[in-house]
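Notes for the one structure printed next.
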Amino acid sequence: APTKQTLSKAAQKMVSHGRDKKDVKSTPQRRKKKKDKNTNNNGDENADDSAAMRDMDLPDDFSIFGGASSVASSQMGFDDGSFGGDYDEEGGDDDDDGNGGGADVFDRAEDAAQNRAARLADALSLASTLTSEKRSAKREGGYRVLFKAITQYAAGPSGQEVLESHWESVREACLSSIQGRGNAKPSEQYAACRVLEACSVVLGEDRDDVAEALDGPLKRVVNATGRAAQVRSAALRCLAMVHFVCGTDCLEEGGDCGSVMDLCEKVGNEKYRGEAVSPLLRATALDCWSLLSTTFHDAHVAAGDGYDVEDDLGCGLRILPLLASCLESPEAGLRRSAGECVSLIHECRLNLGLDGDEADNTTERRFRRGSWDGSEWEVLMDEVKQRIAELSVESSHHMSKQAKKQQRATFRDFMNTIVDDESPEEVVNWRGGKLVLGSWKEIIQLNFVRHCLQGGFQIQLMYNGTLHGVFGATFIASGTSLSQLEKRLIMSKTSEASKAADKAMTKQRRTRTNVKNHFLTADGEDI
C-alpha cells in the first residue's frame, strides 16, 4: 500500500499538471485577444475591403427591387410601398353608376398630376443627403426610393421640371457611388446606375450636356474588369440609354454614339482587356449595340457585300462572325441577344431592296431584297439560319420545361424573319390605347425602355413626350376614360368578355386534344 508521503507527491503532481494545462490554455487566449484588439484598432480599412470582396459577385437575377434594401429605405423615413404604382388616381372616385366623366375627370387628372409632383419633390430631396451618408446600405435604399419616384411620379412636363431642378444633386450622388467612394458596395453602384438610366428617359432628348457628363464615368466602370458583372452591365445599359435619348449628332468623336457601339463590340467578345467576359455582360453589350444601331440608317447597318472597300461595310456585317459564335454558347441569354441582333441586321438588309428601275442597272448579287447570295457572308448566314432553326425546336434534357418553351417561342420569331423574311408584329396594350409594333427596331427599343422603367413603364408611356416621339407613329388612343363600373364590366376577369374568351380557349384546347387522339378510335369517328 502506498505511504502518506507517496500520496502527497502524487497529489502534488496531479495538481501541478492541472495548473500547467490551465497555464497552457490561457496563454494562447490572451495572445488571440491581443491580436484581435490590434486588428480592430489598425485594420478597419482591410475589414471593409474584405466585406466588399465578399459582395463582389451579385446574382444574375439581381434587380433594383431585390435585396434587403427596403429595410434601409424605411429607416430613412420613406415607405417603399407609397411608390408602388398608385398613379391610378384619375378614375378612383367614380361611382358605380359610371357618372365620373365630364369636368370631374379633368379635375381629378390635374389633382393627380399635382400629387405626383409633390411626392416626386419629397423623394428627390433625399439626393442631397446621400453624399454625406456613411453607410452603404442606407445609400442603396435611398437610390431605390429615387428610382421608384422618378419612374412612377416624374410623368409629364411638370415631373420633368421637378427632376431638372434636382438633377445636379442626383447626378453628383450617383456618380459618387458609381466611382466607389465611401466604400460603396456593388449593389449600391448598381442602384445608382439604374437611377441615372431612368433620369435620362425623363429628361428627354437633345441633352448633350447630360451625355457629356455621364459618358466618361460610365465608360470607366465598364472598362474596370475588377467590378462586378452586374455593375458593369448596368453601367453599359445606362450609357446606351443616355446616348439613345439624350445624345445628338453634335457630340465630339470619341464621346458619341459610335464610340459606345465600338465599346459594345469589344465587350461582346469572349475576352476584353485580357480578362474573360461574363456571359451576362456579353449579352448586355449585344442588346446595347442593337439599341444604338436603331438610330442609324439601314445602309449604315447592313450595306455592302464584302468585295468593296471596308469603310463601305455596314457595322452589322462586321459583327456577324461574333454573333454566329454567340449562338453556339450554352448561355440562353447570350443566344437570345445574338439572335435578336441577327434579326435586326437581316431586317435592315431587307429594307435595302432597290426599285425595279434601279435593279436593271445593278448586279443581282448587290443589295437585292433579302438576298445574301454572292456576298462574303452567304455561307455564314446559311449556317446562322440553320442554327436558329435548330434552336426553335430544341428539346434538350439539360434545360427545364419552361426554359425550352420560352426559347422555342423566341427563336420561332427570329426564324420567321431570318428564314422566311417576315416582319414581326407585337401589340402592347396600355391604359388609354395600344402600341402596335411592326419591326425589330421598334421591338428592341420598347424592350430596352421597358427594362429601364420597370413598374413605371405604363405611366411614362402615357405622359412622356420623348417616348411619344419614339413610338408616336404607332400610337392608337382610345380617346375616352372608363369609369369604375365600365372597368369591372369590360376589363375584369369575371366580365362577360373574359368568360367568353375562356370558353373559346377551352374549346380550342379540347379540339386540339381530340385531333391528337384521333387514331385511338377503332371506327375512325371523332371522340
Side-chain angles (χ1 to χ4, degrees), residues 45-64 66-67 136 139-140 143 174-197 211 213-243 254-292 318-319 321-323 325-326 328-335 337-338 341 451:
E45 296 182 358
N46 296 332
D48 294 337
D49 294 342
S50 62
M53 291 301 296
R54 287 195 299 268
D55 295 336
M56 182 59 67
D57 296 330
L58 298 176
D60 290 344
D61 57 350
F62 187 83
S63 66
I64 189 67
S136 178
R139 291 196 299 266
E140 179 189 348
Y143 288 129
C174 292
L175 290 182
S176 177
S177 298
I178 291 174
Q179 294 169 0
R181 299 175 184 175
N183 296 324
K185 294 183 180 180
S187 56
E188 177 190 346
Q189 301 172 20
Y190 173 86
C193 291
R194 295 300 304 273
V195 170
L196 291 178
E197 183 182 3
L214 301 180
D215 183 79
L218 292 176
K219 284 183 178 179
R220 285 192 290 269
V221 174
V222 177
N223 292 329
T225 56
R227 298 288 187 96
Q230 277 283 7
V231 176
R232 298 174 68 189
S233 299
L236 187 56
R237 276 187 168 274
C238 179
L239 183 64
M241 182 62 75
V242 167
H243 281 276
D256 56 351
C257 180
S259 64
V260 181
M261 294 182 66
D262 296 337
L263 177 62
C264 293
E265 293 181 21
K266 297 177 182 178
V267 177
N269 289 281
E270 294 183 358
K271 287 190 175 182
Y272 178 62
R273 298 171 68 91
E275 299 287 342
V277 184
S278 168
L280 173 65
L281 182 58
R282 296 182 65 190
T284 303
L286 296 182
D287 291 339
C288 295
W289 188 95
S290 300
L291 174 71
L292 296 178
R318 294 196 296 265
I319 67 170
L322 172 63
L323 299 177
S325 63
C326 291
E328 303 293 337
S329 173
E331 297 293 333
L334 183 57
R335 294 198 302 265
S337 299
C341 195
H451 180 277

Original post:
Would you say E328 has more than 12 foreign heavy atoms packed within less than 6.0 Å of its CD?
Top reply: yes
**OP:** Taking all non-hydrogen atoms of both residues into account, name the closest pair between C341 and I319 and its distance.
**Re:** SG-CD1, 4.0 Å
**OP:** Grab the two heavy atoms, one from L281 and one from R232, that are nearest each other, plus how far apart they are.
**Re:** CD2-CZ, 3.5 Å
Subject >> Straight-line distance of H451 NE2 to T284 OG1, nearest 0.5 Å >> reply: 7.5 Å
Original post:
Roughly how far, to the nearest 0.5 Å, is CD of E275 from NZ of K271?
Top reply: 8.5 Å
Original post:
If only atom types and distance count, is the side chain of R335 paired as donor or acceptor with the main-chain N or O of P330 below 3.5 Å?
Top reply: yes
Subject >> side-chain contact (heavy atoms from CB on, under 4.5 Å) between L291 and R237, worked out >> reply: CA-CA 10 Å; L291 174 71; R237 276 187 168 274; over 6 Å; no
Original post:
Is it the case that Y190 and R194 place a side-chain donor and acceptor less than 3.5 Å from each other?
Top reply: yes
Original post:
How many angstroms lie between atom CG of L323 and atom CH2 of W289, to the nearest 0.5 angstrom?
Top reply: 7.5 Å
Subject >> Chi angles and distances behind the side-chain contact (heavy atoms from CB on, under 4.5 Å) call for Y272, L263 >> reply: CA-CA 10 Å; Y272 178 62; L263 177 62; 3.5 Å; yes
Original post:
From D262 CG over to C257 SG, what is the distance, rounded to the nearest 0.5 angstrom?
Top reply: 9.5 Å
Original post:
Of all heavy-atom pairs between L239 and K219, which one has the smallest distance, and what is that distance?
Top reply: CD2-CG, 3.7 Å
Subject >> Whether S337 side chain and L334 backbone form a donor-acceptor pair below 3.5 Å >> reply: no
**OP:** Mind listing the closest non-hydrogen atom pair of N269 and R282 along with its distance?
**Re:** O-NE, 3.5 Å
**OP:** Rounded to the nearest 0.5 Å, what's the gap from CD on Q230 to SG on C193? Could you check?
**Re:** 10.5 Å
Original post:
Which pair of heavy atoms, one from S259 and one from G254, lies closest together, and at what distance?
Top reply: OG-O, 3.3 Å
**OP:** Could you check if a side-chain atom of D215 sits within less than 4.5 angstrom of a side-chain atom of D256, using non-hydrogen atoms only?
**Re:** no
**OP:** Report yes if the side chains of C264 and L236 come closer than 4.5 Å at any heavy-atom pair, otherwise no.
**Re:** yes
**OP:** Evaluate the side-chain proximity of C288 to V267: yes if any heavy-atom separation is below 4.5 Å, no if none is.
**Re:** no
Original post:
What is the minimum heavy-atom distance between L292 and M261, and which atoms define it?
Top reply: CB-CG, 3.7 Å
Original post:
What distance do D287 atom CG and S233 atom OG have between them, rounded to the nearest 0.5 Å?
Top reply: 10.0 Å
Original post:
Are the side chains of I178 and P217 in touch, meaning some heavy atoms are under 4.5 Å apart?
Top reply: no
